[in-house]
There are 2 protein chains.
Amino acid sequence: MTPRRPTGDELVEMLAALANPLRLRIVAQLAVVGRDYVSHLAREIGISRPLLHMHLQRLEAAGLIVGSLELSEDGKAMKFFEVADFDLHLSAATLAEAVATLTPPDSDKGPSHKERS
Amino acid sequence: MTPRRPTGDELVEMLAALANPLRLRIVAQLAVVGRDYVSHLAREIGISRPLLHMHLQRLEAAGLIVGSLELSEDGKAMKFFEVADFDLHLSAATLAEAVATLTPPDSDKGPSHKERS
DNA sequence: TTCACGTGTCAGAACTTTCTTACACATGAA
DNA sequence: TTCATGTGTAAGAAAGTTCTGACACGTGAA
């Protein structure tokens with residue numbers, strides 16, 4: 001089944017995660033090959049491992065990919081990633097809906113909790 | 001009719017334009033009220049006019065809204081904006097397709113290299 | 001021990017985005 | 001003229017993103 005519709009904030013995070021050519025490539029690559037581990041994927045795409053690590057984190061935080069740390073036969077820890085099941089529909093109407101669940105614009109002038117000491 | 005499917009680069013630009021709560025609000029507001037001019041929209045949303053101007057530019061460049069400069073009855077130049085007709089479908093499969101039309105990663109050196117698994 | 005492979009993280013440079021404040025120009029009405 | 005309305009742009013601060021080049025840790029094999 002398809003996952004539930006994201007909140008406005010979640011949608012922004014997903015869009016931000018996808019709004020980058022490198023991350024789009026990463027998702028596409030995982031979509032094609034099914035799953036892969038970090039070092040190999042970095043070689044495949046042609047970027048440094050720390051850089052890929054950063055992008056994978058962003059994609060995973062947005063819920064677009066999922067990772068799992070596994071042990072290979074020769075005892076190495078390997079982190080595999082695959083694409084999550086997502087399906088976003090973006091039109092003026094759906095965006096208007098999502099905006100309704102967006103965190104209100106920063107108004108820390110108002111009386112809220114204990115902000116500072 | 002629905003507009004043609006964007007290239008990878010265009011898609012990235014559209015996603016980047018939407019990946020911002022303020023711009024999402026702008027699109028939503030225009031979707032609801034139909035059309036509006038810059039100064040009024042700024043008051044409506046509660047941000048400065050120069051700031052709105054910048055966001056509108058970004059949205060228009062991405063093809064998500066369209067603007068037209070008109071003359072009011074009392075002779076003032078007024079720039080009206082409305083949402084464009086867009087309808088994006090984002091899933092692992094459609095993203096993989098879009099990536100195929102993405103500008104190749106910056107390779108001002110050696111030519112492409114056969115990748116191996 | 002050393003090497004080849006895997007994992008992760010940190011610091012800083014370079015760049016981009018976001019936002020404010022200030023300026024310039026136009027019009028019609030008082 | 002001055003005020004209130006509309007348009008646009010530019011400079012610079014602040015914050016965020018992207019990327020490289022170390023570093024630290026693990027394993028199994030030579």
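Proteins come first, then strands; the chains are lettered A, B, ... in the order of their sequence lines, and each starts at number 1. Basis for what follows: all heavy atoms, side chains included, without hydrogens, waters or symmetry-related copies. For clarity, every value in this text was computed on a predicted model and none was experimentally measured.
In terms of heavy-atom proximity, Ala17(B) sits nearest to Leu64(B) at CB-CD1, 3.8 Å.
Rounded to an integer number of Å, the gap from Leu18(B) CG to dT17(C) P is 15 Å. Distance CZ (Phe80(A)) to P (dG6(C)): 10 Å, rounded to an integer number of Å. Separating the NE2 atom of His55(B) from the P atom of dT17(C) is a distance of 12 Å, rounded to the nearest angstrom. In this structure, Lys76(B) places its NZ atom 11 Å from P of dT27(C), rounding to the nearest Å. Atom pair Leu52(A):CG and dG6(C):C1' shows a separation of 14 Å (rounding to whole Å applied).
Between the side chain of Arg35(B) and the main chain of Gly67(B), no donor-acceptor pair closer than 3.5 Å is present. Side chain of Ser91(A) to backbone of Phe86(B): no donor-acceptor contact under 3.5 angstrom is found.
For dG6(C), one of the phosphate oxygens OP1 or OP2 lies less than 4.0 angstrom from a side-chain nitrogen or oxygen of Tyr37(A). The side chain of Ser39(A) places an N or O atom within less than 4.0 Å of a non-bridging phosphate oxygen (OP1 or OP2) of dT7(C). Regarding contacts with the backbone of dT17(C), every side-chain N or O of Arg23(B) stays at 4.0 angstrom or more from both OP1 and OP2.
Heavy atoms of Leu22(A) sit under 4.0 angstrom from primed sugar atoms or phosphate atoms, though from no base atom. In this structure, Ile47(A) reaches neither bases nor backbone, as no heavy-atom distance under 4.0 Å exists between it and the strands shown.
Of the two residues near DNA chain D, Gly75(A) and Leu51(A), the one whose nearest nucleotide lies more 5' is Leu51(A).
Chain A approaches DNA chain D within less than 4.0 angstrom (heavy atoms of the protein), and the contacting nucleotides run 5' to 3' from dT17(D) to dG28(D).
Electrostatic pairing of Glu70(A) and Lys76(A) does not count as a salt bridge here, judged by no charged N lying under 4.0 Å from a carboxylate O. Between Arg4(B) and Glu10(B) there is a salt bridge, with a side-chain nitrogen of the basic residue lying less than 4.0 Å from a carboxylate oxygen of the acidic one.
Val83(A) is connected to Leu22(A) through a chain of hydrophobic side-chain contacts under 4.5 Å among Ile, Leu, Val, Met, Phe, Trp and Tyr, so both are in one cluster. With hydrophobic clusters built from ILVMFWY side chains whose heavy atoms lie under 4.5 angstrom apart, Val66(B) does not share a cluster with Ile26(B). Clustering ILVMFWY residues whenever any of their side-chain heavy atoms sit less than 4.5 angstrom apart, transitively, puts Leu30(A) in a cluster other than the one holding Phe80(A).
With rounding to the nearest 0.5 angstrom, the CG atom of Asn20(B) is 10.5 Å from the CG atom of Leu15(A).
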Name the pairs: protein N/O against N/O of nucleotides 8-13 of chain C, kept only if under 3.5 Å.
from	atom 1	to	atom 2	distance (Å)
dG8(C)	N7	Arg49(A)	NH1	2.8
dG8(C)	N7	Arg49(A)	NH2	3.2
dG8(C)	O6	Arg49(A)	NH2	2.9

